[in-house]
Amino acid sequence: MPELPEVETVRRHLACALSGRRLHRVRARRNDLLKGGWHCRALERELTGRTVGEIGRRGKNLIIGLSNGAVLLAHLGMTGRLCVTDAEAPTDQHTHLIADLSDGRRLVFRDPRRFGHLELCADGRPGESETLRNVGLDAMADAFTARRLAEMLAGRTAPVKAALLDQRCVAGIGNIYACEAMFRAGISPQAPCGELSEEQVRRLHRAIRRVLAEAIAAEGTTIADYVTGAGVPGRFGERLRVYGREGERCRRRGCAGVIERIVQSNRSTFYCPACQR
DNA sequence: ACAACCTCCTGGGGGC
DNA sequence: TGCCCCCAGGAGGTTG
């Protein structure tokens, strides 16, 4: 599931394969995947002829700069893929946008489960878009400090896990890396936000940064069908310490605990009851 | 204001 | 073998 490291991997791929190319024929197929009031024909008209500039990211959102100051935003949801393929590569009913590029290849947006979406900001003010207006500080941004994390958690009674998943606070963490960060920090996913000590918040901040940086270096985690731009699975899956490991032994040296799975806000949480308190 | 649910969607897997 | 049900979860919406 594309969280920050997977989206960053896609961003790097697109920066190589898409930046500098012109979009010369665009087909959009589903109005319900377009935010900001767009429909397919208008989006096709607006995109056609634009040249792709820099590719950025905030949280799990891709920010694709276009000529004339427009910006295309893309969220991959659960199963979304945005990649540059050969023009002969087959497409299916889950392919929702195809843009032929000036170099003979094509940009393809495919998303079977359709939790993803696209939004064009013709005015070049993506910060006010439907997509980004509720998205907080990127988890890898310099401005995301332990102090900022402490401010976000202060006074809240919700479990820490819920706060980490809330994109309005810190953006980019999903279910996998929330579990992994809490394990590394040795903090119970059920601990109320406001009850963490300063030291625990510092540990949590450090754990978030480290697990995300390691996952970026490994080109993400492949659970079901995410692949990197090169079409290969991410390598971080083998380094997960709790996610998906229910019933297995804790990997922390000297810990005899067994990983448990609980459900929090309808989502699986994996943790070690022996080392997370 | 905040927290706890519900909803959208499809493919894959388990059980019978 | 085939069918049905459940499960995965990002994020916005609704309810309390």
Side-chain angles (χ1 to χ4, degrees), chain A residues 1-10 29-37 57-63 73-82 91-97 109-119 126 128-139 151-182 189-196 212 215 220-227 233-234 236-237 240 242-247 259 261-271:
Chain A
M1 14 248 81
E3 304 181 29
L4 188 154
E6 293 75 31
V7 177
E8 175 62 17
T9 301
V10 173
R29 292 173 170 170
R30 289 194 71 110
N31 291 326
D32 59 357
L33 296 188
L34 307 180
K35 288 211 175 182
R57 183 189 56 72
R58 196 204 300 182
K60 304 171 190 172
N61 299 276
L62 286 162
I63 304 171
L73 302 172
H75 192 293
L76 302 180
M78 280 288 293
T79 53
R81 273 194 222 172
L82 193 59
T91 61
D92 62 9
Q93 77 272 25
H94 301 306
T95 303
H96 310 305
L97 183 102
F109 176 60
R110 183 174 184 273
D111 184 9
R113 212 167 291 181
R114 308 209 299 272
F115 281 6
H117 68 261
L118 302 171
E119 179 175 5
E128 288 155 47
S129 65
E130 235 180 280
T131 300
L132 290 180
R133 88 186 148 209
N134 291 323
V135 176
L137 208 47
D138 187 88
E151 289 166 6
M152 292 166 185
L153 300 179
R156 296 178 59 174
T157 59
V160 184
K161 168 97 182 301
L164 294 184
L165 293 179
D166 184 348
Q167 304 297 298
R168 294 170 299 184
C169 301
V170 49
I173 302 170
N175 203 40
I176 296 173
Y177 299 109
C179 292
E180 295 297 312
M182 287 182 301
Q190 292 165 301
C193 295
E195 291 181 15
L196 295 192
L212 293 178
T221 303
T222 295
I223 296 296
D225 51 7
Y226 157 85
V227 289
F236 197 72
L240 296 175
V242 286
Y243 185 86
R245 299 191 65 247
E246 181 182 14
I259 305 306
R261 185 181 79 94
I262 57 173
V263 175
Q264 290 180 289
S265 43
N266 250 347
R267 222 139 276 148
S268 288
T269 297
F270 299 89
Y271 75 112

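The basis for the numbers below is simple: all heavy atoms, side chains too, and nothing from hydrogens, waters or symmetry mates. Worth saying up front: this structure is predicted, and the values here are computed from it rather than measured. Each chain gets a letter, A, B and so on, in the order the sequences are listed, and its residues count up from 1.
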Once you round it to whole Å, what is the distance between [atom2] of [N] and [atom1] of [X]?
X: A:Ile262; N: C:dA8; atom1: CD1; atom2: P; result: 13 Å
X: A:Lys60; N: C:dA11; atom1: NZ; atom2: C1'; result: 8 Å
X: A:Gln190; N: B:dA3; atom1: CD; atom2: C1'; result: 16 Å
X: A:Leu165; N: B:dA4; atom1: CG; atom2: C1'; result: 14 Å
X: A:Leu164; N: C:dG10; atom1: CG; atom2: C1'; result: 15 Å
X: A:Gln167; N: C:dA11; atom1: CD; atom2: C1'; result: 8 Å
X: A:Gln264; N: C:dA11; atom1: CD; atom2: C1'; result: 17 Å
X: A:Arg156; N: B:dA1; atom1: CZ; atom2: P; result: 13 Å

Where protein sits on nucleotides 6-11 of chain B, one letter per nucleotide: B base, S sugar-phosphate only, - none, heavy atoms under 4.0 Å: --BBBS

Have A:Tyr243 and A:Ser268 got a donor and an acceptor in their side chains that come within less than 3.5 Å?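 No, A:Ser268 and A:Tyr243 have no side-chain donor paired with an acceptor closer than 3.5 Å.
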
Is there a donor-acceptor contact under 3.5 Å from the side chain of A:His96 to the main chain of A:His94? yes

Would you call A:Glu119 and A:Lys35 a salt bridge, taking side-chain N to carboxylate O under 4.0 Å as the test? no

So does A:Ser268 get a side-chain nitrogen or oxygen closer than 4.0 Å to the phosphate oxygens (OP1/OP2) of C:dC7? no

OP1 or OP2 of C:dA8 less than 4.0 angstrom from a side-chain nitrogen or oxygen of A:Arg261, does that happen here? yes

Which distance, rounded to the nearest 0.5 Å, do you find between the CD of A:Glu180 and the CG of A:Leu164?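 Rounded to the nearest 0.5 Å, the CD-CG separation comes out at 12.5 Å.
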
Taking atom NE2 of A:His75 and atom OG1 of A:Thr131, what is their separation to the nearest 0.5 Å?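 It is 8.5 Å, given to the nearest 0.5 Å.
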
Determine whether A:Asn61 and A:Leu73 make a side-chain contact, defined as any pair of heavy atoms from C-beta on separated by less than 4.5 Å. no

